[in-house]
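These numbers come from a predicted model, not from an experiment. The figures here come from the full heavy-atom set of this structure, side chains too, leaving out hydrogens, waters and symmetry mates.
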Amino acid sequence: MKNKFILDACCGGRMMWVNKRHPNTIYMDIRKEEKGFILEQPTLQVSPDIIGDFTKLSEEIKNRRFKLIVWDVPHFKSRKLTGIMLKKFGGLHPETWQSDLKKGFSELWGVLEDYGVLLFKFSDYHIKFNKVMSLFPIKPLFFNRGNSKGVSETKWFCFMKIPKEKIK
């Protein structure tokens, strides 16, 4: 896996990617799903390069440094993967989601090189942004603002590992 300096830590079906097989990216997810696992979307699959958990990265990942990490965690709290949305995107554990996200941030921050960028994508459908951001020891540089209607939305938060900043 030479020249792999981008990590997608929760790749799922790689739906946001323009090039779903970007040559400089390692795609990781906690699960693998064959085509047809969702009847209504027969071509969708979850096919990571590495099956792994962002809360405890494998040695293969821990021994690397990344310039860019994309972290699009599941946005739902659920124990079971029922319904199309949960099957498609996965779910956070309802009792451990806070510690899981804290651990995940710490693990990913540890494999991000100095001046590297961590892009965190999240929807406030089940959990509000301020609750999630309070879990992270570093504040984002910026995030996209939008939707003035006050309804659920998805935001991207941009973090940069600036060496003088210390993780709390």
To the nearest 0.5 Å, tell me how far Ser47 OG sits from Arg21 CZ.
7.0 Å
Looking only at heavy atoms, what is the nearest atom pair of Pro74 and Phe122, with distance?
O-CE1, 3.8 Å
Would you name the heavy atoms of Pro140 and Phe159 that are closest together and state the gap between them?
N-CE2, 3.4 Å
Which heavy atom of Lys35 sits nearest to which heavy atom of Thr43, and what is that distance?
CG-O, 3.7 Å
Met16 and Lys121 have their tightest heavy-atom pair at SD-CD, 4.5 Å
Would you please name every residue forming a side chain to side chain donor-acceptor pair (under 3.5 Å) with Ser58, sequence neighbours left out?
none
Heavy-atom check, side chain of Ile61 versus side chain of Leu7, under 4.5 Å
yes
What residues, two or more places apart in sequence or in another chain, satisfy salt bridge (Lys or Arg N to Asp or Glu O under 4.0 Å) together with Asp100?
none
Just wondering, do Trp109 and Leu118 contact through their side chains at under 4.5 Å, heavy atoms?
yes
How long is the span from the CD atom in Gln98 to the NE2 atom in His93, to the nearest 0.5 Å?
13.0 Å
Treating Asp72 as the side-chain partner and Cys10 as the backbone partner, does any N or O pair qualify as donor plus acceptor under 3.5 Å?
no
Can you name the residues that form a salt bridge (Lys or Arg N to Asp or Glu O under 4.0 Å) with Lys103, not counting sequence neighbours?
none
Would Ile30 end up clustered with Leu57 when hydrophobic side chains under 4.5 Å apart are linked, directly or stepwise?
no
Between Lys161 (side chain) and Leu112 (backbone), is there a donor-acceptor pair under 3.5 Å?
yes
Would you please name every residue forming a side-chain contact (heavy atoms from CB on, under 4.5 Å) with Ile51, sequence neighbours left out?
Lys32, Pro48
Quick check: do Asp49 and Met28 have side-chain heavy atoms less than 4.5 Å from each other?
no
Tell me every residue that passes ring pair (Phe, Tyr, Trp, His ring centres under 6.0 Å) with Phe37, counting only those two or more places apart in sequence or in another chain.
none
Applying side chain to side chain donor-acceptor pair (under 3.5 Å) to Trp156 and not counting sequence neighbours gives none
Answer yes or no for Arg65 and Phe5: cation-pi contact, defined as NZ/CZ to six-membered ring centre under 6.0 Å and angle to ring axis within 45°.
no
Find out whether Tyr115 and Pro163 are in side-chain contact, i.e. whether some heavy atom of one side chain is under 4.5 Å from a heavy atom of the other.
yes
All heavy atoms of Asp29 vs all of Gly12, minimum pair found to be OD2-N, 2.6 Å
For Lys102, which residues count as a salt bridge (Lys or Arg N to Asp or Glu O under 4.0 Å) partner, sequence neighbours excluded?
none
Taking the side chain as every heavy atom from C-beta outward, state whether Ile6 and Ile26 have any atom pair closer than 4.5 Å.
no
Heavy-atom side-chain proximity of Met133 to Lys139 below 4.5 angstrom:
no
Checking ring-ring contact (aromatic ring centres under 6.0 Å, His included) for the pair Phe136/Phe120: CA distance, chi angles, key distance, verdict?
CA-CA 11 Å; Phe136 301 153; Phe120 177 69; 5.2 Å; yes
Please identify each residue that fulfils side-chain contact (heavy atoms from CB on, under 4.5 Å) with Phe143, with sequence neighbours left out.
Arg145, Lys155, Phe157
State which residues pass side chain to side chain donor-acceptor pair (under 3.5 Å) with Thr55; sequence neighbours excluded, sorted by chain then number.
Asp53
For Lys20, check salt bridge (Lys or Arg N to Asp or Glu O under 4.0 Å) against everything at least two apart and list the hits.
none
Give every residue pair that meets the salt bridge (charged side-chain N to carboxylate O under 4.0 Å, His left out) criterion with at least one member in residues 105-119, sequence neighbours excluded.
Lys62-Glu107, Lys67-Glu113
Which residues satisfy the side chain to side chain donor-acceptor pair (under 3.5 Å) test with Asp8, sequence neighbours excluded?
Trp17
How long is the span from the CD1 atom in Ile50 to the NZ atom in Lys4, to the nearest 0.5 Å?
9.5 Å
Are any side-chain N or O atoms of Asp124 and backbone N or O atoms of Glu153, one a donor and one an acceptor, separated by less than 3.5 Å?
yes
I want to check something: taking the side chain as every heavy atom from C-beta on, are Cys158 and Val117 in contact at a cut-off of under 4.5 Å?
yes
Smallest heavy-atom separation, Trp71 atom then Leu101 atom, equals CH2-O, 3.4 Å
Contact check, side chains of Trp97 and Ile127, non-hydrogen atoms, under 4.5 Å:
yes
Donor-acceptor contact below 3.5 Å, side chain Arg14 vs main chain Gln45
no
